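Reviewing the structure listed below.
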Amino acid sequence: MAISLLIAAHLYFYAPIFPYSPDSASYIERARNLKSAGNLLDIPYGVIPGDVDQIENHLFPVGYPLVLAAISVLGVDPKVASVAIGNLSSLLLPFMLFWTFRRGVGNDSMALAIVGLSVLAPGLLTNAPYGLTDVFSLLLVVAAVGCVLRLETAAGWFLAGILAGVAYSVRNANLALLAALALYACYYWKSSRQPERHAVVRCTLAGVCGVSLVVLPMLLRNFWVFGAMNPYQMEPSTIGLVENIRTYIEALMKDVTACKECARFIAWSIPGLLTIFWAFFFAFFWLYRFGWQLMGKSQRNAVFFSGVYFALGSCLVILARTRYQWGEPINLRHVFQYTPFLFLIMLSIMQHLSCRMQKFFTLVLFGLCVFRAAYAIDKANFVSKKPHFYANLQNALSSGRDHLCSAKPDVFLASNWAYLFRIECDVRARQIEGLNMRDGGPTGPGASLMDIILTIQNNVHKRPVRVGLFPGSSGVDEGDLPISGSLQHELSREGWIVVQNTSNSLLLELPR
């Protein structure tokens, strides 16, 4: 209860002004479409294609929009529901973690230590206030694991299968959870006595039925719509495997230690990498040589599942980022899903060490608590790292509302703050990115304003167009506006009307 109250205080005092991202816009829009039009269509990212307003989304699974749409039946807008789900999941997570891990670690003190270290970690504190899938996904994962480890009945496995299926339908990365459950079922059968194996088989079949009830319809829909069971596709990654491994280690160590400098040292120095390698090696060796015999059955089950899930989840994140070009490198958002399971392994090992070693690791845990407290009370960790981000966001909405939000449905809309207008105004605004406004033309990577404008003009046929550009996003910086008179004249020659050209906004219209 105390930890949940701390989370509630964090959500109250450190809630961002605009707790959404471009990913949030996709979830919210699909939920709104499902409620109003009965489809799960989404706006294409970018200004091309110009002849199609909405398409099927092949990046994000359908689970989260379905949840938002179901809540919206009660009269709650998906925009509000997405934040409410994240906040509620954050408050429920401490109770679910305690229930799931209490039996595995064997005593309340250790279970509470895992809960505190997991819930007050930088990754969860940073992502809890946002209208995204991350914390909700973690709650589903922990609940599914709890049903398997605590109930150990066919009914428990069936419920775990349903929860795991929902988790996978919400977030692609939870494929690691399904694989971990399959491997755990094999281990559970192997480690059981001969008379118990029939019950293990029944539990496994119940789990498969639970997963199939949720996942099979989703996979059939994917095949029907996209021609593939898993349609996830992005551009090839520009970051190699070694760099992604080190980036993952840095993010993981930041979530574990809450110390940015420590994480950077461990991930990007030879001594740091050797330290983390030998730490994992000796932990694995100790478990294999001594620890497994010292632990009870419930603790062995919890440690085995946690180790498998942590390994599979980590490999999935690293390999996916190595294959696909995400919009960001691996960061806290991608690793805090696995931190609680790492803590369970660490504290389970600590329980069976000598008194001297236990005292040493108690000091280490105390140090982690200190770093976490310092991280949690520093407000700078929970605000945008971009200067004036929220001021620019509010300026974009106030300056562009009349121009973009009031447009008729047949008007093609484009902005460098498209996700803001999609969420706030429920309009089909297309994202302009890769702009280079310096001196009116490109002086490095990026396209000039005229390049973008002509791209829109040439790809949108026989439809009026409205464009809104505002400082603070996608290459438009403070000082880039207003545009020069010569550029205004060039736009006019192409048939564009400059509705507004100030330091706060550039509003353009192409009447047709």
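From a predicted model like this one, the values you see are computed outputs, not experimental measurements.
Judged purely by atom type and a 3.5 angstrom limit, Thr339 has no side-chain atom pairing as donor or acceptor with the backbone of Ser118. In this structure, Arg372 contributes its side chain and Val256 its backbone to a donor-acceptor pair below 3.5 Å. Tyr20 contributes a side-chain N or O that, together with a main-chain N or O of Lys79, makes up a donor-acceptor pair within less than 3.5 Å. Checking side-chain atoms of Ser169 against main-chain N and O of Val166 turns up a donor-acceptor pair under 3.5 Å. Panel note: side chain Asn416, backbone Ser474; no donor-acceptor pair is recorded below 3.5 Å.
Taking CG from Leu319 and OG from Ser314, the interatomic distance works out to 10.5 Å, rounded to the nearest 0.5 Å. Taking CG of Leu93 as the reference point, atom OG of Ser89 lies at 8.0 Å (rounded to 0.5 Å). For the atom pair CG (Leu274) and CD1 (Ile266), the distance works out to 12.0 Å, reported to the nearest 0.5 Å. To the nearest 0.5 angstrom, Met234 atom CE is 7.5 Å from Gln325 atom CD. The CD1 atom of Ile43 sits 14.5 Å away from atom OH of Tyr419, with the distance rounded to the nearest 0.5 Å. Taking CG of Leu117 as the reference point, atom CG of Leu97 lies at 11.0 Å (rounded to 0.5 Å).
A 4.5 Å side-chain heavy-atom check between Leu159 and Leu163 finds at least one atom pair inside the cut-off. Two residues are said to be in side-chain contact when any heavy atoms from C-beta on lie closer than 4.5 Å; Leu41 and Glu56 meet this criterion. Counting only heavy atoms from C-beta outward, the side chains of Arg171 and Asp134 approach each other to under 4.5 Å. Side-chain contact between Arg30 and Val62: present, with at least one pair of heavy atoms (C-beta onward) separated by less than 4.5 Å. Counting heavy atoms from C-beta outward, Gln351 and Asn107 have side chains that approach closer than 4.5 Å. Residues Ile330 and Ile239 are not in side-chain contact: their nearest non-hydrogen atoms beyond the backbone lie 4.5 Å or more apart. Within the 4.5 Å cutoff, the side chain of Ile7 has no heavy atoms near those of the Asn87 side chain. Side-chain contact between Glu328 and His334 is present, with heavy atoms from C-beta onward closer than 4.5 Å.
For the ring-ring contact (aromatic ring centres under 6.0 Å, His included) test with Phe341, the passing option among Tyr309, Phe310, Phe304 is Tyr309; the others fail.
If you check the side chains of Tyr64 and Ser26, you find no donor sitting under 3.5 Å from an acceptor. Side-chain contact, Tyr130 with Ser24: no donor N or O sits under 3.5 Å from an acceptor N or O.
For the residue pair Tyr375 and Thr126, the shortest heavy atom distance occurs at OH-OG1, 3.3 Å. The minimum heavy-atom distance linking Ala154 with Cys203 is given by the pair N-SG, 3.6 Å. Residues Ile423 and Arg32 approach most closely at O-NH2, 3.0 Å, considering heavy atoms. Between Leu175 and Tyr168 the shortest heavy-atom distance is N-CD1, 3.6 Å. Of all heavy-atom pairs between Ser237 and Arg321, the closest is OG-O, 2.9 Å. Between Pro61 and Pro65, the shortest heavy-atom contact is O-CD, 3.8 Å.
Scored by the salt bridge (Lys or Arg N to Asp or Glu O under 4.0 Å) test, Arg193 finds Glu196 as partners (sequence neighbours excluded). For Glu243, there are no salt bridge (Lys or Arg N to Asp or Glu O under 4.0 Å) partners at least two apart in sequence or on another chain. With sequence neighbours left out, the ring pair (Phe, Tyr, Trp, His ring centres under 6.0 Å) criterion links Phe282 to Trp278. Taking the salt bridge (Lys or Arg N to Asp or Glu O under 4.0 Å) definition, one finds that Glu433 meets it with nothing, sequence neighbours left out. Tyr14 is linked by a ring pair (Phe, Tyr, Trp, His ring centres under 6.0 Å) to His10, Phe382, counting only residues two or more places apart in sequence or in another chain.
Close placement of the Phe389 and Trp417 rings is indicated, their centers lying within 6.0 Å of each other. Separation of the Phe60 and Tyr27 ring centroids falls under the 6.0 Å cut-off. Ring-centre distance between Tyr324 and Tyr232: below the 6.0 Å cut-off. A distance of 6.0 Å or more separates the ring centres of Tyr390 and Phe18. Note: Phe305 and Tyr184 meet the aromatic proximity criterion, with ring centroids under 6.0 Å apart.
Crowding of Gln293 atom CD: a count of heavy atoms from other residues, nucleotides or ligands under 6.0 Å exceeding 12. Counting heavy atoms of neighbouring residues, nucleotides and ligands inside a 6.0 Å radius, atom NZ of Lys359 does not exceed 12 of them. Other residues, nucleotides and ligands contribute more than 12 heavy atoms inside 6.0 Å of the NZ atom of Lys35. Under a cut-off of 6.0 angstrom, the local environment of CZ in Phe223 is sparse, with at most 12 non-hydrogen atoms contributed by other residues, nucleotides or ligands.
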In residues 139-153, what donor-acceptor pairs under 3.5 Å come from side-chain atoms, sequence neighbours left out?
unit_1, atom_1, unit_2, atom_2, d
Arg150, NH1, Trp99, O, 2.4
Thr153, OG1, Gly156, N, 3.1

Leu178 vs Asn174, side-chain contact (heavy atoms from CB on, under 4.5 Å): CA-CA, chis, key distance, verdict: CA-CA 7 Å; Leu178 301 183; Asn174 285 325; over 6 Å; no
Test log, rule side-chain contact (heavy atoms from CB on, under 4.5 Å), inputs Asn230 and Asn222: CA-CA 7 Å; Asn230 185 1; Asn222 287 345; 5.8 Å; no
Criterion side-chain contact (heavy atoms from CB on, under 4.5 Å) on Leu393 and Ile17, from CA distance to verdict: CA-CA 10 Å; Leu393 183 147; Ile17 296 174; 5.6 Å; no
Worked verdict on Leu124 versus Phe336 for side-chain contact (heavy atoms from CB on, under 4.5 Å): CA-CA 6 Å; Leu124 192 135; Phe336 81 89; 4.2 Å; yes
